[in-house]
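Read the numbers this way: they start at 1 and go in the same order the structure lists the ligands and their atoms. Residues: numbered from 1 along the sequence shown.
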Amino acid sequence: MDRRPYLWPDGRRSAACFSVDVDAEAPYLWANRAGLPPHLGQLEQRRFGPREGIWRILDMLDRVGVKGSFYVPSVVAELHPELLPALCDRGHEIGLHGHLHELVSETPDDRFRAALDRSLAVFHAQTGTVPTGFRSPAWEMTPAMLAALKERGLRYDSSLMGYDHPYQIGGLVEVPVQWQIDDAIYFKFQGGGADRWPPEPARAVEASWRDEFQAGRAYGQLFMLTVHPWISGRAQRVAMLERLLTEIAGQDDVWFATAGQIADWHLSAHDGRFCVAADLDPLIAAVEAGA
Ligand code: ZN
């Protein structure tokens with residue numbers, strides 16, 4: 001087995017990407033698609049994202065000199081039509097994230113394809129361009145979803161964790177995520193008695209994320225940080241992100257890039273070494289043989 005580390009451009013040791021899932025009110029609308037209740041609490045908390053959080057994050061990124069990858073459900077683009085053009089104007093990558101933030105476990109293939117076509121049309125109408133990447137709501141995928149992305153000419157997905165550097169699955173580049181460097185698991189707090197623990201202080205999470213970044217350098221890891229503006233646009237979290245990103249962007253042996261740039265690098269530089277099948281048939285056969 002070939003255990004050489006993943007190769008990054010210009011001899012860099014590892015890579016970092018700042019990704020932003022611009023969920024806003026979309027997951028709430030999906031969860032309540034059978035009928036919206038007359039409640040404002042969660043909606044207002046989520047709408048802090050497009051009103052305030054994302055602009056604070058964009059100003060912070062300007063100060064740090066980092067370009068991010070922003071995944072936007074197309075219903076959020078329709079409700080806040082200033083978002084996609086502003087992201088493009090400020091030099092960031094925009095990518096697809098469903099229409100109503102459709103959860104994969106609740107979405108048949110034909111509805112997924114319809115949402116994909118609708119979001120491509122919204123992005124094109126608002127920006128004159130179409131994205132090359134997709135990130136799945138809640139980071140679930142199916143072989144049929146990968147095939148639908150490929151049919152529409154998308155180059156990469158960013159929803160899976162099969163390596164901690166880019167690889168290929170189902171004919172697409174996978175620019176992998178990591179739950180432990182996602183803000184939602186530490187900071188999301190919805191109120192109403194549903195939460196199981198209080199939000200972590202930003203400084204505790206900062207220490208954990210710094211440790212992950214530092215430890216991952218030895219493995220040539222892609223440090224794929226993921227935040228949500230309605231969660232991480234709050235004051236102490238923006239300040240924490242600024243400290244962490246300033247430190248990472250100051251390292252000479254780390255390539256800070258957008259997910260699209262990382263997917264293009266993988267396509268241009270890699271043979272078939274990190275290429276896996278999305279086909280589940282061998283596992284289905286193994287389950288049946290053991291039953
Ligand atoms: Zn999301």
Participant: Just wondering, more than 12 heavy atoms not from R273 lying within 6.0 Å of its CZ?
Facilitator: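 Counting other residues, nucleotides and ligands, CZ of R273 exceeds 12 neighbours.
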Participant: Below 30° counts as parallel, above 60° as perpendicular, anything between as tilted: where do the rings of H270 and F274 land?
Facilitator: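 Because their plane-to-plane angle lies in the 30° to 60° range, the rings of H270 and F274 count as tilted.
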Participant: Please work out which of the three classes, parallel, tilted or perpendicular, describes the rings of H266 and Y6, given edges at 30° and 60°.
Facilitator: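 Parallel.
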Participant: So does H228 have any N/O/S atom less than 2.8 Å away from the Zn ion (ligand 1)?
Facilitator: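 Within the cut-off used here (under 2.8 Å), H228 places no N, O or S atom near the Zn ion (ligand 1).
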Participant: With a cut-off of 6.0 Å (strictly less than), are more than 12 heavy atoms of other residues, nucleotides or ligands near CZ of F189?
Facilitator: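 Yes - once you tally the heavy atoms of other residues, nucleotides and ligands closer than 6.0 Å, there are more than 12.
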Participant: Using the Zn ion (ligand 1) as the vertex, how large is the angle between NE2 of H101 and NE2 of H97, rounded to 10 degrees?
Facilitator: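 Seen from the Zn ion (ligand 1), NE2 and NE2 are separated by roughly 100°.
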Participant: Between D23 and the Zn ion (ligand 1), is there a contact where an N/O/S atom of the residue lies under 2.8 Å from the metal?
Facilitator: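 An N, O or S atom of D23 is closer than 2.8 Å to the Zn ion (ligand 1), so yes.
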